[in-house]
S.K.: 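One structure, as C-alpha cells, below. Some questions next.
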Amino acid sequence: MNLLIDNIGELVTNVAGTGEGGPLGIRRKAALLVEDGQVAWLGPARYAPAADRRIDAGGAAVLPGFVDSHAHLVFAGDRAAEFNARMAGERYTGGGIRTTVAATRAADDNTLRGTVGRLRAEALRQGTTTIEIKSGYGLSVVDEARSLRIAAEFTTETTFLGAHVVPAEYADRPDDYVGLVCGPMLRAALPYAKWIDVFCERGAFDADHARAILTVGQAAGLGVRVHANQLGPGPGVRLGVELGAASVDHCTHLDDADIEALASTVTTWVSEPESSTTVATLLPGAEFSTRSPYPDARRLLDAGVTVALATDCNPGSSYTSSMPFCVALAVREMRMTPAEAVWAATAGGARALRRDDIGVLRPGARADLSILDAPSYLHLAYRPGVPLISQVLHNGVPACQP
Ligand code: NIG
Ligand code: FE
C-alpha cells in the first residue's frame, strides 16, 4: 500500500538548495509519495505517480513533523498554583521540582503512563512526530528506572535526568547523591536510556558535579545533553561543548564566550549521527511561563550556531506540548524569522538528537509530516494559537485527522 499526498501548495523539505527559501528547500505545486513508512518520491504534482491511496492537500502547506527534542513528560500532579503565584510576581527558582518529585514517587505506573500517553497524543495532534522524554522527577534508583521504562514505551529518545536537583533526603550530602547517580542509578537507567542530562545551574548541580555525572554516563554509552544557563550565566554551555554534547538547552543567559564555543562546534552535516555539533536548544515556553526575559536567538544565529526549538513540556516551568506555540513565541520574542523558527522546530530538533532520518522530507526519510490548514508555513507564526495542524502522518500512517 502506498499513499500519495497530492496538490501540495507549499512543500517544506528542509533540503537546502533544492527549492526556494534557502534551508527550508521549499517546492511549490508538489506531491509526495509515501511507502513503507518512508518518503518514496517527491516532485512536481504534474509528475505524481499513481498510488493506492491519495490525500488531496487542497493547495495547503506540508512540512516535516516537529521534532520536540526536550520534554519532561513523566510526572504526576500539576503546579497551577505555583504558576498563579508567579503571575502575581513570584520568581521561578526551580524549587517546585521537589513538589513534583513527591507526587511522582507516590503515583503508580499506570497513572504515570496515562499522563505520558495523554501528553504524547496532545503533542502529536499539534504536529510533533518525534519527542524526547526525560526522567528527573523520580530521583531514586527505583523511580528513575521506572520513569525511563515508561518513557521508553513512547519514544526511543529517552534521557536519564537523575541529576535534575538533589532530592530532599540528600539535601545536606550532595556528594553522596552524585555518587548514587553515577553508580546504582545510572546502572538501573541504562537499559532504557539513550541520553544523559544534568541541570547545571546554581541551586542544582555545579560544573564539577555535572562533569562527573556526564562523563560517567558518556563512558557507559549515553549521549550528552545539558540544561544550561537557564536562570543565570554559568558554566553549563561551555561544559556541554567540552564534552561534545549533542545539545545545550535553555541558553537564556549567554556571554560572548558561550556563543563562540557553540559556533566553534558547527560542522558540515555529512552524516548527522556522526556530527560533533553542539546545538543550542531554545525553550521559549519556559520564559513565557516563568515570565523571564527571552534569549536573543538572533545573536546565536548571526554567529552561525545551530539552533533548535523545543517545548520543555513539564508541570513547572513550561506546561505546553505545543511546538506551533513555541514557533510563534520564537518569532515574536526571540527575533527569529518564521523560516528560522520552523527550521529550528523540525531540522534543528533532529540535529539536537543527531538524527538524519527525521526533520526533513526527502526520499528515504521517515514519512513524518503535517498538512496545515493554511497555504504557508508562515501562518504558524502569523496566526498564533490557531489549530492549523489539519493532518499528521507518523511513520507514513495518518495519525490525526479532523
Ligand atoms: O527545564 N530547569 C530544570 N528543569 C525544568 C523545570 C522543571 C520544573 O520546574 O519542574 C526545565 O525548565
Ligand atoms: Fe527542561
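First listed ligand is number 1; within each ligand, the first listed atom is number 1. Just so you know, these numbers use all the heavy atoms, side chains as well, and skip hydrogens, waters and symmetry mates.
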S.K.: Can you tell me which residues line ligand 1 if we count any heavy atom under 4.0 angstrom from one of its atoms, in chain and number order?
M.R.: H70, H72, R79, Y92, I97, Y137, H164, F199, H227, Q230, H250, D312, N314, G316, S317
S.K.: What's the atom name of the N, O or S in H227 nearest to the Fe ion (ligand 2)?
M.R.: NE2
S.K.: Using a cut-off of strictly less than 2.8 Å, determine whether D249 has an N/O/S atom near the Fe ion (ligand 2).
M.R.: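 It does not: D249 brings no N, O or S atom closer than 2.8 Å to the Fe ion (ligand 2).
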S.K.: Assess the pair F325 and F288: is the distance between their ring centroids shorter than 6.0 Å?
M.R.: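 Ring centres of F288 and F325 closer than 6.0 Å.
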S.K.: Under a 4.0 Å threshold between the charged nitrogen and the carboxylate oxygen, would D206 count as salt-bridged to R211?
M.R.: no
S.K.: F75 and Y319: aromatic ring centres closer than 6.0 Å?
M.R.: yes
S.K.: Any carboxylate oxygen within less than 4.0 angstrom of a Lys/Arg side-chain nitrogen, looking at E20 and R28?
M.R.: yes
S.K.: Taking just the N, O or S atoms of D312, which one is nearest to the Fe ion (ligand 2)?
M.R.: OD1
S.K.: Is H72 close enough to the Fe ion (ligand 2) to have an N, O or S atom under 2.8 Å?
M.R.: yes
S.K.: When you check the side-chain N and O atoms of S321 and Q126, is any donor under 3.5 Å from an acceptor?
M.R.: yes
S.K.: May I ask you to check whether over 12 heavy atoms, not counting those of R118, lie within 6.0 Å of atom CZ?
M.R.: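 Atom CZ in R118 is crowded, with more than 12 foreign heavy atoms closer than 6.0 Å.
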S.K.: Identify the residue among V237, D258, T281 that makes a side-chain contact (heavy atoms from CB on, under 4.5 Å) with C251.
M.R.: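 With C251 as partner, V237, D258, T281 yield a single side-chain contact (heavy atoms from CB on, under 4.5 Å), made by V237.
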